[in-house]
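Working notes, structure below.
Values in this document were obtained by computation on a predicted structure and should not be read as measured data.
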Amino acid sequence: MKTLILTGGSSGIGKATCELFASNGWYVYELSRHGQSNGNITHIDCDVTNEESVKNAFNEIFTQTQSIDVLINNAGFGISGAIEFTALEDAKKQFDVNFFGALNVVKAILPHFREQKSGRIIFTSSVAAVLSVPYQSFYSASKAAINAMALALQNEVREFGIKVSILMPGDVSTAFTSNRNKSEEGENVYSHIRKAVSTMEKDEQNGMTPQKIAKQLWKIANKSCPGPIYVAGGMYKVFYYLDCILPKRLVNWLEGVMY
């Protein structure tokens, strides 16, 4: 019976992923501030921004099992607003959850993975990591930081048999949209804030289901030789490919036009 640890599994992509792995016979530890145990899914209260909370959660897991197969770093949230008018406290909180939260969890699992000389780490990133979204700059920046850390991490841990991958979904229809911390401060200066965020949220609400992303994570977790980066969603794969081959000036201009 294989074992998965997943952060941020109380709703959305995380919940769908926990349910998919559990339905396929995996034992799942779900780490979040709000969640419930159910069958093969064991919820453990954990605030990923608190290093002590993360350590306690992993100590609890290790008292129950000594074999962990996959870690999925999925916890995250979003803020929106103009860069100039975003409070530094809000920008830091965005990174505390999305980036430093993931870092805390990675640091907690790596000694175990090194000892067993195996393990797989998957980061739920975003297409916004490479296609920075106007008025969602700090979310994009936090996901870009995740990508940079994950790629460096793969080269650091390869000798220990640990594999690292990134999944970058496009728009997904979840409560992530309604839970976004939105600021329209400065809209008298940046007149496109409201329209840009509204367009973005409409795309999300009409986006992929969390179950589709869960299936992608399942495939990555079970690949014998996973790649470093995957994109979820046919249209977003095209966008990612175009970003790789077209001049960045053109790509960035087109994205500005979209929003």
Distance in Å, [X] [atom1] paired with [Y] [atom2], rounded so as to fall on 0.5 Å steps:
X: N73; Y: T7; atom1: CG; atom2: OG1; result: 4.5 Å
X: I83; Y: Y135; atom1: CD1; atom2: OH; result: 9.5 Å
X: S67; Y: H112; atom1: OG; atom2: NE2; result: 6.0 Å

Looking only at side chains, do [X] and [Y] share a donor and an acceptor under 3.5 Å apart?
X: E30; Y: H43; result: yes
X: N74; Y: T124; result: yes
X: T49; Y: D96; result: no

Would you tabulate the side-chain donor-acceptor contacts of residues 214-226 under 3.5 Å, counting partners in other chains and residues two or more places apart, or write 'none'?
from : atom 1 : to   : atom 2 : distance (Å)
N222 : ND2    : W218 : O      : 2.7

task = Give a yes or no answer on whether the side chain of D243 reaches the backbone of F239 with a donor-acceptor pair at less than 3.5 Å.
result = no

message = Quick check: closest heavy atoms across Q136 and I79, and the distance to 0.1 Å?
response = CG-O, 3.6 Å

key: Heavy-atom pair with the smallest gap, counting every atom of N147 and M168   = ND2-SD, 3.3 Å

request  = Could you point out which residue of N40, T42, D69 forms a side-chain hydrogen bond (donor to acceptor under 3.5 Å, both in side chains) with Y27?
outcome  = T42

ask   = What class does the angle between the rings of W26 and F21 fall in, given that below 30° is parallel, 30 to 60° is tilted and above 60° is perpendicular?
value = perpendicular

message = Holding to salt bridge (charged side-chain N to carboxylate O under 4.0 Å, His left out), I want the full list of residues that pass it with R114, two or more places apart in sequence or in another chain.
response = none

